[in-house]
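Worksheet: the structure to be examined is printed underneath.
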Amino acid sequence: MTNLWHPFTQMKNFTSREVKKGEGLFLELDNGQKVMDFVSSWWVNIHGHGNKFIADAIHRQALLLEHALFADFSHKPAQELVKRLEKHLPRNLSRFFFSDDGSTAVEVALKMAYQYWQNKGFKRDYFICFEGGYHGDTFGAMSIGADGYFTAPFSELLFEVKRIPYPFTYEGDEEIEKKEKSALAFLKGMELKRCAAIVLEPLIQGAGGMRMCRPKFLKQLEEVAKEAGVLIIYDEVMTGFGRTGEMFACQKSATRPDIICLSKGLTGGFLPLALTVASDFIYESFLSDCREKTFFHGHSYTASPLGCAAALASLQLLENGFPYKKIDYSYFRDAFFNHPKVEKVRIMGAVAAFDVKSKKRGYLSDIGKKIKEECFMRGLFLRPLGNTIYFMPPYCVTSGEITLACNILREVLELL
Ligand SMILES: *Cc1c(COP(=O)(O)O)cnc(C)c1O
């Protein structure tokens with residue numbers, strides 16, 4: 001045992017697994033066992049482990065400039081990255097603010113939106129978010145996330161938000177029109193004139209259980225928000241960089257948020273880095289001769305040149321053939337759609353999921369834990385969200401590996 005304290009982990013009875021090497025889809029443990037990483041190491045890895053092109057880019061940058069404070073200096077890696085990224089984002093998103101991870105990208109977005117209204121001289125003082133959402137573990141991000149096990153100890157410290165139902169859908173869902181209508185009706189019934197921004201994970205709620213919604217719903221949501229003059233913040237920390245089958249969920253839904261948050265896949269899984277990208281009109285509200293209108297926010301490693309170099313290389317790899325478009329889950333659908341122990345099969349882009357039928361639901365369900373252990377012994381690393389099982393491998397995964405993973409999972413479901 002070591003003296004390490006692991007994230008999201010009950011340390012009582014915890015036994016760690018020592019990982020020593022990563023190559024493509026595989027993680028190799030100290031004892032020589034190899035497992036297929038179908039979690040993309042918490043959704044960050046998109047090209048596979050140990051990618052040499054990205055590693056070389058980081059190496060070259062490290063020899064030149066490892067870091068310089070971004071309050072006083074700018075540098076090529078940051079400039080080139082945002083120039084390249086801009087081409088993939090809706091045209092209105094043109095001001096790039098760096099931070100370190102998904103949570104900080106979200107904090108930045110919330111603060112930008114909130115201060116925007118103050119800078120303009122209006123009072124808009126609350127956020128609307130969705131039931132089942134997840135945006136990170138810092139206080140602002142927890143406030144706009146679902147209130148559940150994760151946030152319960154801190155509930156009195158969180159700021160107030162209003163939550164609306166999320167129209168979660170799956171293959172064969174017959175209620176979806178009704179769910180969407182009711183969510184929109186809920187929204188329209190709120191005091192939108194006082195709302196600073198609506199925050200959501202577009203198309204897929206990740207940690208909340210890989211809950212998908214239809215692109216059409218985002219279009220309708222946008223209409224309501226634009227009409228009421230409410231800002232929209234897309235948290236694309238997970239959905240970004242190809243996960244939904246397009247580079248970003250805003251492309252897939254043909255919508256234009258006012259602010260977007262990016263992290264996880266940004267550096268291809270090599271280094272922590274994040275971006276909050278804002279519309280020009282938001283940025284402009286901060287330009288002033290009075291200092292109070294400044295955006296007083298920043299982190300020590302803002303725009304780390306190493307992170308930027310990794311992100312630039314990763315983006316080049318994505319543009320080179322759009323590998324996320326090649327993932328084929330037809331075998332997954334065939335294997336599980338009519339499976340007696342499975343319900344709510346859902347597939348979008350590089351993400352596939354279903355729920356295991358069970359009396360006890362949610363994150364603390366034991367079924368996921370058992371499936372995880374049995375799969376691991378068979379060489380498949382999954383990280384179920386309660387009774388929700390999902391695949392989110394790096395894009396280097398082959399159809400043969402997806403078939404293999406499905407077959408392992410089917411064998412394990414027989415044990416339940
Ligand atoms: C993971 C995640 C976050 C938080 O990112 P961290 O890097 O873990 O801080 C925020 N939003 C979404 C949608 C996420 O999936």
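Quick note: residue numbers are just sequence positions, from 1. Keep in mind that the numbers below use all heavy atoms, side chains included, and drop hydrogens, waters and symmetry copies. Each ligand, and each atom within it, is numbered from 1 in the order the structure gives.
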Exercise for the section: Show your reasoning for whether side chain to side chain contact (heavy atoms under 4.5 Å, CB included) applies to F295 and F97. Expected result: CA-CA 10 Å; F295 191 52; F97 194 97; 3.6 Å; yes
Problem - salt bridge (charged side-chain N to carboxylate O under 4.0 Å, His left out) assessment of R333 paired with E171 - result: CA-CA 10 Å; R333 183 182 286 111; E171 301 203 0; 3.0 Å; yes
Exercise for the section: For salt bridge (charged side-chain N to carboxylate O under 4.0 Å, His left out), just list the numbers for E246 and K325, CA-CA rounded to whole Å, side-chain angles, deciding distance to a tenth of an Å, and then say yes or no. Expected result: CA-CA 8 Å; E246 293 290 339; K325 293 206 187 273; 3.2 Å; yes
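Atom 8 (O) of ligand 1 has as its closest protein heavy atom S103 OG, 4.5 Å. Of all protein heavy atoms, the one closest to atom 7 (O) of ligand 1 is G102 N, 2.9 Å. For atom 11 (N) of ligand 1, the closest non-hydrogen atom of the protein is D235 OD2, 2.7 Å. Of the protein's non-hydrogen atoms, the one nearest atom 15 (O) of ligand 1 is K264 NZ, 2.7 Å.
Within ligand 1, the atoms closer than 4.0 Å to a non-hydrogen atom of E201 are 13 (C), numbered from 1 in the order shown. Of all atoms in ligand 1, numbered sequentially from 1 with element shown, those under 4.0 Å from a heavy atom of M238 are 15 (O). In the vicinity of G136, heavy-atom distances shorter than 4.0 Å reach the ligand 1 atoms 4 (C), 10 (C).
Under the 6.0 Å distance and 45° angle rule, K326 does not count as a cation-pi partner of Y395. R346 forms no cation-pi arrangement with Y170, by the criterion of a distance under 6.0 Å to the ring centre and an angle within 45° of the ring axis.
Residue contacts with ligand 1 for E236 are absent, since no atom lies close enough (heavy atoms, distance under 4.0 Å).
Heavy atoms of W43 approach ligand 1 to within less than 4.0 angstrom.
For A55, the side-chain contact (heavy atoms from CB on, under 4.5 Å) partners are F270, not counting sequence neighbours.
Pairs passing the ring pair (Phe, Tyr, Trp, His ring centres under 6.0 Å) check and including a residue from residues 207-236, sequence neighbours excluded, do not occur.
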